[in-house]
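We name chains A, B, ... by the order of the sequence lines, and we start the count at 1 in each one.
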Protein chains: 2
Amino acid sequence: MELDKINWSILTLLQENARLSFAEIGRNVGLSAPAVAERVLKLEESGIIKRFSVDLDFEKLGYSFKAIISFKVYTGKMQSFLKFISEMHEVYECNRVTGEHCLIMKLIVQKPNELENIINLFSDFGESTTSIVLSSPVEHKVFNQNKN
Amino acid sequence: MELDKINWSILTLLQENARLSFAEIGRNVGLSAPAVAERVLKLEESGIIKRFSVDLDFEKLGYSFKAIISFKVYTGKMQSFLKFISEMHEVYECNRVTGEHCLIMKLIVQKPNELENIINLFSDFGESTTSIVLSSPVEHKVFNQNKN
DNA sequence: TCTGAAAATTTGGGTCG
DNA sequence: CGACCCAAATTTTCAGA
């Protein structure tokens with residue numbers, strides 16, 4: 001799909017506030033509301049917009065600990081481990097990567113001892129290296145085309 | 001702020017589809033539209049909902065390479081490095097962590113050689129270990145209170 | 001793109017624990 | 001008094017040409 005400057009502007013605006021009305025977006029990019037609606041629909045249909053969502057403050061929800069776990073899966077255990085973590089709500093994200101460790105995961109938990117339990121459960125599947133997140137200087141940055 | 005079962009349901013629904021109407025959410029949780037609107041407003045005001053956003057498919061936008069860089073910052077270079085990356089749109093996320101490496105970053109780029117350039121730029125500030133993301137078995141999971 | 005019709009959000013007033 | 005419902009007014013979205 002071809003992305004012109006206007007579509008990039010729409011995507012930037014929607015990332016910052018997905019509840020802008022089409023009319024308001026149109027005012028920003030110089031289009032009428034129906035024209036914006038049509039573009040957004042096509043962006044959804046093409047899959048470029050995967051979903052409209054909300055970003056939550058996990059700390060305020062009582063989940064104060066973020067951890068990043070690098071994980072080296074034992075031979076033959078990959079499939080069962082992926083199935084295992086897909087059902088754990090504490091595992092927020094999991095990436096398969098090149099390099100020494102096979103997986104890099106991000107977890108969100110309420111208390112340190114929850115993390116301990118999880119690491120114990122993981123030990124059946126491989127070896128983990130855990131880092132606690134102290135802060136997130138850059139978090140979920142708005143993505144745009146600026147090439148500086 | 002107190003979060004009852006209804007507010008958790010609202011948060012789950014909004015994460016899955018932030019464009020549900022208040023009336024539709026109300027049908028799911030057994031409230032009227034204005035009651036839902038008021039709850040959502042309070043969730044925003046309290047900061048639990050940080051923003052309404054869209055999740056994008058970066059591959060379809062031509063940004064096919066995700067990388068995770070572990071970074072050990074040289075003494076005294078932390079502040080200048082954080083300022084440096086805050087202005088780089090390729091750095092999607094940056095976490096300060098415990099452990100051997102000080103920072104773990106997620107980057108999104110179009111081509112491998114862009115990554116090479118970035119790693120070269122980073123070398124003034126510290127030592128990096130780069131992993132290319134092959135796939136993301138779990139990505140931006142919907143967060144809810146289920147304790148199973 | 002424009003216009004009318006349908007649906008959504010917002011606001012005010014009133015009610016129940 | 002806070003949280004909710006109902007109903008009217010405004011805004012937004014949708015579907016026709």
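- A:E44 places its CD atom 13 Å from the P atom of D:dT13, with the value rounded to the nearest Å.
- Atom-to-atom, CD of B:E24 to P of C:dT9 comes out at 9 Å; the value is rounded to the nearest Å.
- A salt bridge links B:R51 with A:D55: at least one charged nitrogen is closer than 4.0 Å to a carboxylate oxygen.
- Note on B:K42: every side-chain N or O is 4.0 Å or more away from OP1 and OP2 of D:dG2.
- Here B:R39 reaches the OP1 or OP2 of D:dC4: one of its side-chain N or O atoms lies under 4.0 Å away.
- Rounded to whole Å, atom C1' of C:dA8 lies 15 Å from atom CG of B:N17.
- Of the two residues near DNA chain C, B:P34 and A:S32, the one whose nearest nucleotide lies more 5' is A:S32.
- Between the CZ atom of B:R19 and the P atom of D:dT13 there is a distance of 9 Å, given to the nearest Å.
- Judged purely by atom type and a 3.5 angstrom limit, B:N17 has no side-chain atom pairing as donor or acceptor with the backbone of B:L13.
- Side chain of B:E16 to backbone of B:V142: no donor-acceptor contact under 3.5 angstrom is found.
- Here the shortest heavy-atom pairing between B:F71 and B:S128 reads CD1-CB, 3.5 Å.
- Rounded to whole Å, atom P of D:dC6 lies 11 Å from atom CG of B:L31.
- In this structure, the CG atom of B:L20 is 15 Å from the C1' atom of C:dT9, given to the nearest Å.
- Here the nucleotide nearest the side chain of A:F22, chosen from D:dT13, D:dC4, C:dT10, is D:dT13.
- Of the listed nucleotides (D:dT12, D:dA15, C:dA8), C:dA8 has the atom at the smallest distance from the side chain of B:S21.
- Distance CD (B:E38) to P (C:dT11): 12 Å, rounded to an integer number of Å.
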